[in-house]
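Quick notes on the structure that follows.
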Amino acid sequence: MEMNMSFSHDIDDEYEKFIRRMNPPRVVIDNETCKNATVIRVDSANKHGILLEVVQILTDLNLIITKAYISSDGNWFMDVFNVTDQDGNKILDEGILDYIRKSLGPESCFTSSMRSVGVKQSMDHTAIELTGSDRPGLLSEVSAVLRHLKCNVVSGEVWTHNTRAAAVMQVTDEETGTAITDPDRLSRIKSLLCNLLKGSNKSSLAKTAVSNSVTHTERRLHQMMFADRDYERTSNDVRDERQRPNVDVVNWYDKDYSVVTIRCKDRPKLLFDTVCTLTDMDYVVFHANIGTEGPDSYQEYYIRHVDGYPVKSEAERQRVTQCLEAAIERRVSEGLKLELCTTDRVGLLSDVTRIFRENSLTVTRAEVTTKAGKAVNTFYVRDASGCPVDAKAIDSIRQVIGQTILKVKGSPEDPKSAPQESPTRFLFGSLFKSKSFVNFSLVRSYS
């Protein structure tokens, strides 16, 4: 059986290579047509997941996608993206433009990378994945255990959402600065962290994985939280409905599409988050239209499941809606943004998060990076009791850590300032000229 599966895998690879040689991807970058953005057009042979790979490459360059038009009905995939840099300017750096051409053009290999979700072996560091119930001071406790185990955190991200927490961390051995490979030591790390995540509730769900593989951190976090079912609403969720993203799923029976429309506050990486979730839920995007209007983002997707059918039940509709809401909310950081920049050292993350915990602050999201001996860490913190963050506590923390080392960025988001609801907008309506266009029926109306 294994031999047959391997043989089938090899045939698929050879077929992909053949299709690629016959229809090499084409990338056109235009800085003339649009006044305010660089226009990137990608044409390629179609394949499930290719949209996510393209969006992921653009997102990893920290580009802002202001508009997008996607069409992949049939065997051909055609995307147009309007992008800017973080400051809203066109992309004029030839190094970045050349990277885009090579990453998405004939020299790229993105069409075959979906099978492994970007996984590859690394001897530079060991990857640790954690999922479990969120609680105040959790990051501090995890960091303290890793320090005790002589693991140095060189990079990582932590997300919290709907009482759940997920983290992907890259660590090295404290003494050698390389990946940890001893099986017994890896097993001990995994066991101690799993016990820590469970806390006093030994029946609570907690998962820990340790490996020497490299994955795309943000995509992996989405997959981990999705697997942990963070999209399921709990009895503790008392948010006003107006605070949620406006996600609507209806069926267009004449075309056998489910139409997903999303309206929410615009932010960086929003398109990646929604496309990632649709892909991981095994939905194929045939057409899409993405745009912004003031501070809001509008997204419209025409999808089918990989089995070829649109959404088939009310339960499925609710699940798609809740999963997309969760995908959007995971990266919306509630709390005060703090940025730490200093010389890296072993135990830095443990020391800083311990100071946060001692001052009754809990971390809702964190990004940890090190480069050329410098640590640049971003934390979003809230008062552990749920009250607004005390300015005096922040001043005290900055005095202990260093005024120039730890800086306050922006101010806490007001959860009440949610976008107003609006009726569903079919932005892609002009694409399909059909007198039966009005025959959209709510998915809940099944016969």
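The analysis underlying the following values was restricted to heavy atoms, covering all of them including side chains, and did not include hydrogens, waters or symmetry mates.
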Checking N359 side chain against L361 main chain: does a donor-acceptor pair fall under 3.5 Å?
-> no
Would you mind reporting whether R330 and D230 have side-chain heavy atoms less than 4.5 Å apart?
-> yes
Does any non-hydrogen side-chain atom of T131 lie less than 4.5 Å from one of R164?
-> no
Give a yes-or-no answer on whether the side chains of T172 and H125 include a donor-acceptor pair shorter than 3.5 Å.
-> no
Check against side chain to side chain donor-acceptor pair (under 3.5 Å), S258 and N251 = CA-CA 4 Å; S258 289; N251 273 5; 2.6 Å; yes
Ion pair check, R41 and D30, cut-off under 4.0 Å = no
T178 side chain to D173 side chain, donor-acceptor N/O pair below 3.5 angstrom = no
To the nearest 0.5 Å, tell me how far I70 CD1 sits from L51 CG.
-> 5.0 Å
Euclidean distance, I64 CD1 relative to K269 NZ, rounded to 0.5 Å = 9.0 Å
Give a yes or no on whether a salt bridge exists between E334 and R382, defined as a side-chain N under 4.0 angstrom from a carboxylate O.
-> yes
side-chain contact (heavy atoms from CB on, under 4.5 Å), paired with Y301, selected from T261, I290, V284 = I290
In terms of side-chain geometry, is the basic nitrogen of R135 or E141 positioned less than 4.0 Å from the acidic oxygen of its partner?
-> yes
At what distance, to the nearest 0.5 angstrom, does CD1 of I397 lie from CD of Q403?
-> 11.5 Å
By salt bridge (Lys or Arg N to Asp or Glu O under 4.0 Å), E339 pairs with (sequence neighbours left out) none
Approximate separation, where rounding is to 0.5 Å, of I189 CD1 and D184 CG | 11.0 Å
Give the ring-plane orientation class for Y257 versus F286, where under 30° counts as parallel, over 60° as perpendicular and anything between as tilted.
-> tilted
Would you give the length of the straight line joining atom CG of L139 to atom CZ of R365, rounded to the nearest 0.5 angstrom?
-> 13.0 Å
Any donor-acceptor pair under 3.5 Å linking the side chain of S44 with the backbone of F77?
-> no
Output all residues satisfying salt bridge (Lys or Arg N to Asp or Glu O under 4.0 Å) with K190, sequence neighbours left out; order by chain, then residue number.
-> none
Before accepting this row, confirm whether a basic side-chain N of the pair K207/D228 lies closer than 4.0 Å to the acidic partner's carboxylate O.
-> no
Would you say the side chains of S155 and Q170 form a donor-acceptor pair under 3.5 Å?
-> yes
Quick check: does any side chain N or O of T321 sit under 3.5 Å from a backbone N or O of V247, one acting as donor and the other as acceptor?
-> no
At their closest point, which heavy atom of N31 faces which heavy atom of I91, and how far apart are they?
-> ND2-O, 3.0 Å
Any donor-acceptor pair under 3.5 Å from T160 side chain to T364 backbone = yes
Nearest 0.5 Å please: distance from the CG atom of N162 over to the CD atom of E325.
-> 10.5 Å
Let me see the working for L338 and R398 under side-chain contact (heavy atoms from CB on, under 4.5 Å), right down to the final yes or no.
-> CA-CA 10 Å; L338 303 177; R398 293 186 66 208; 6.0 Å; no
List the steps and the verdict of side-chain contact (heavy atoms from CB on, under 4.5 Å) for I328 and R267.
-> CA-CA 10 Å; I328 295 166; R267 60 166 174 77; 4.3 Å; yes
May I ask you to say whether R317 pairs ionically with E314, meaning some side-chain N is under 4.0 Å from a carboxylate O?
-> yes
Compare all side-chain heavy atoms of L63 with those of I100 and state whether any distance is below 4.5 angstrom.
-> yes
Does any N or O in the side chain of N82 come within less than 3.5 Å of the main-chain N or O of T66, such that one atom is a donor and the other an acceptor?
-> no
Return the orientation label for the F272 and H216 ring planes: parallel under 30°, perpendicular over 60°, tilted otherwise.
-> tilted
When you check the side-chain N and O atoms of N89 and T84, is any donor under 3.5 Å from an acceptor?
-> no
For the pair S103 (side chain) and Y99 (backbone), establish whether a donor and an acceptor sit closer than 3.5 Å, ignoring hydrogens and angles.
-> yes
Within 6.0 angstrom of Q86 CD, more than 12 heavy atoms from elsewhere = yes
Assess whether side-chain contact (heavy atoms from CB on, under 4.5 Å) is satisfied between V352 and I401, documenting all intermediate values.
-> CA-CA 8 Å; V352 171; I401 296 176; 4.1 Å; yes
H305 vs Y283 aromatic rings, parallel, tilted or perpendicular, using cut-offs 30° and 60°?
-> perpendicular
Over 12 non-hydrogen atoms of neighbours within 6.0 angstrom of CZ in R345 | yes
Please confirm whether the backbone N or O of I180 pairs with a side-chain atom of T126, one donor and one acceptor, at under 3.5 Å?
-> yes
Among L146, V168, V142, the one residue meeting side-chain contact (heavy atoms from CB on, under 4.5 Å) with I128 | L146
Could you tell me which residues satisfy ring-ring contact (aromatic ring centres under 6.0 Å, His included) with Y380, sequence neighbours excluded, listed by chain and number?
-> none
